[in-house]
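Please read the structure below before turning to the comments.
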Amino acid sequence: MVVQQNISLKPYNTFSIDANAKFFCEINSIDDLAQVLQLDEYPEKLIIGGGSNILITNDINALVLYINIKGVEIVEEDENHVTLKINAGENWHQIVLWAIDHDYGGLENMSLIPGNIGTAPIQNIGAYGVELKDTFISCEAMEIATQQLVKFTKKACQFGYRDSHFKNAGKGKYVITSVNLKLTKKNHMLNTSYGAIETELEKQSIKTPTIKSISNAVIAIRQSKLPDPAKLGNSGSFFKNPVVSQSQFDTFTKNNLNAPFYKISEESYKIPAGWLIEKCGFKGKRYGDAGVHKNQALVLVNYGNASGQDILDLANTIIKKVQQEFKITIAPEVNIIK
Ligand code: EPU
């Protein structure tokens, strides 16, 4: 465990923002983590995993802890299910592929989501009709103040849409060190209800889908719509889809007859922010090196040398315009680090 100084964070955030960390430490084990958290010379700490859900807007004066604890083990198994304990530093998509290779089902709809296992619970990652919470059993986290390992059950994590305890009361208090997921070994519950998956399977003439073919379909859809962070800096959806009340929804649909929406409860509706942003004319637009992706308006991109502040300025311009046009407030999904 070595604390380095003045390290560029460019390789550690998928937006490829070139900001410096005053202090930086790669964490490869629980012991490393406990040791570094005990050092009193760095009172401020910033924890990063895959760096796929952050926008760094300035150089970081704190100690950046890059969580790179690897390893997967089976902790429980019967005829039908397997429970895996996956350490925080494992790459999410590599684990999805590993699970599919072993014919373990449940993660296939979440193929190709960038980021690491340890950050997945923070925003309850999800895609194509499935969320992390659907296979999640528990996670282990180190309390920063005491270096104690704490177990969080699914209930304790308080998962919501792109939300959890770790974004609310638990914010800044824990480092997630591992996640336990329960997957199926047979009779997989295939979820093809999301329109784009059905269309993609038809396109590939697949009549009896498997977890592998669903994963391939999701990969094809994502590759057609979402930019690859290795080629074009981005953090996936920059904004959350706003949830509106019945009365807001009534006014909105009266004025926008063809707008897509999802009913999420008796009195609330989710409106795709991508649609709102596109209607405001931002899709595919570029302002210096900051831009809005041409195939999915929910994704902001860095064409090369945008600063975090450039991206944030664009995000704020978009929020203002959507508010003016639709009287709907959209909010960032990514963590903005100031
Ligand atoms: N739409 C537009 N214009 C756009 C983008 C979308 O009109 O530029 C419309 C689409 O036509 C569609 C609707 O908006 O009617 C929904 O679009 P899409 O299916 O692409 O999904 P989304 O709601 O924009 C969410 C997640 C994505 C996830 C997809 C698929 C959030 C914030 N985003 O996007 O997650 O991959 O559904 O499940 O919930 C991420 O979190 O980083 C992410 C990429």
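Whatever order the structure lists them in is the order used to number ligands and atoms, beginning at 1. The structure presented is a predicted model; accordingly, all values stated were derived computationally and were not measured.
There is no protein heavy atom less than 4.0 angstrom from atom 12 (C) of ligand 1.
Using cut-offs of 30° and 60° on the angle between ring planes, the pair Tyr66 and Phe24 is parallel. Between His102 and Tyr104, the two ring planes are parallel [angle under 30°; tilted spans 30° to 60°].
Annotation: side chain of Lys338 is in contact with side chain of Leu312 (closest heavy-atom distance under 4.5 Å). Between Ile56 and Tyr12, every side-chain heavy-atom pair lies at or beyond the 4.5 Å cut-off.
Comparing Arg162, Arg222, Glu333 against atom 35 (O) of ligand 1, the shortest heavy-atom distance belongs to Arg162. The heavy atom nearest to atom 29 (C) of ligand 1, considering only Tyr161, Tyr262, Phe239, Tyr194, is found in Tyr194. The residue among Gly274, Ser237, Pro242 with a heavy atom at the shortest distance from atom 43 (C) of ligand 1 is Ser237.
Among protein heavy atoms, atom 1 (N) of ligand 1 sits closest to Trp275 N, 3.8 Å. Of all protein heavy atoms, the one lying nearest to atom 38 (O) of ligand 1 is Tyr128 N, 2.6 Å. Residue, atom and distance of the protein heavy atom nearest to atom 23 (O) of ligand 1 are Asn241 ND2, 2.8 Å. Protein heavy atom in closest approach to atom 34 (O) of ligand 1: Leu298 CD2, 3.9 Å. Distance from atom 2 (C) of ligand 1 to its nearest protein heavy atom, with residue and atom name: Glu278 OE1, 3.5 Å.
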Residues Asp310, Ser307; criterion side chain to side chain donor-acceptor pair (under 3.5 Å); working and verdict:
CA-CA 5 Å; Asp310 295 337; Ser307 67; 3.3 Å; yes

Kindly indicate, with the supporting measurements, whether the criterion side chain to side chain donor-acceptor pair (under 3.5 Å) is fulfilled by Gln323 and Thr329.
CA-CA 5 Å; Gln323 179 70 44; Thr329 309; 2.7 Å; yes

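Inspection of the Asn168 and Asp163 side chains reveals an N or O donor paired with an N or O acceptor under 3.5 Å. Side-chain atoms of Asn124 and Ser164 form no donor-acceptor pair, as typed in the model, at a separation below 3.5 Å. For the residue pair Gln35 and Asp31, no side-chain donor N or O sits within less than 3.5 Å of a side-chain acceptor on the partner.
The nearest pair of heavy atoms linking Leu190 to Pro209 is CD1-O, 3.1 Å.
Of all the heavy atoms of Gln296, the ones lying under 4.0 Å from any atom of ligand 1 are found in both the backbone and the side chain.
When each atom of ligand 1 is checked for a heavy atom of Lys283 under 4.0 Å away, the hits are 3 (N), 4 (C), 8 (O). Counting the atoms of ligand 1 from 1 in the order shown, those under 4.0 Å from a heavy atom of Pro260 are 15 (O). Atoms of ligand 1 found under 4.0 Å from any heavy atom of Pro272 (numbered from 1 in listed order, with element): 13 (C), 14 (O), 16 (C). Of all the atoms in ligand 1, the ones that sit under 4.0 Å from a non-hydrogen atom of Gly236 are 42 (O).
Considering backbone and side-chain N/O atoms, Lys225 comes within less than 3.5 Å of an N/O atom of ligand 1. Residue Ala297 has at least one nitrogen or oxygen atom sitting less than 3.5 Å from a nitrogen or oxygen atom of ligand 1, judged on distance alone.
The shortest separation from a heavy atom of Phe261 to ligand 1 is not under 4.0 Å, leaving the residue out of contact.
Remark: Glu44 CD is loosely packed, at most 12 non-hydrogen atoms of other residues, nucleotides or ligands lying under 6.0 Å away.
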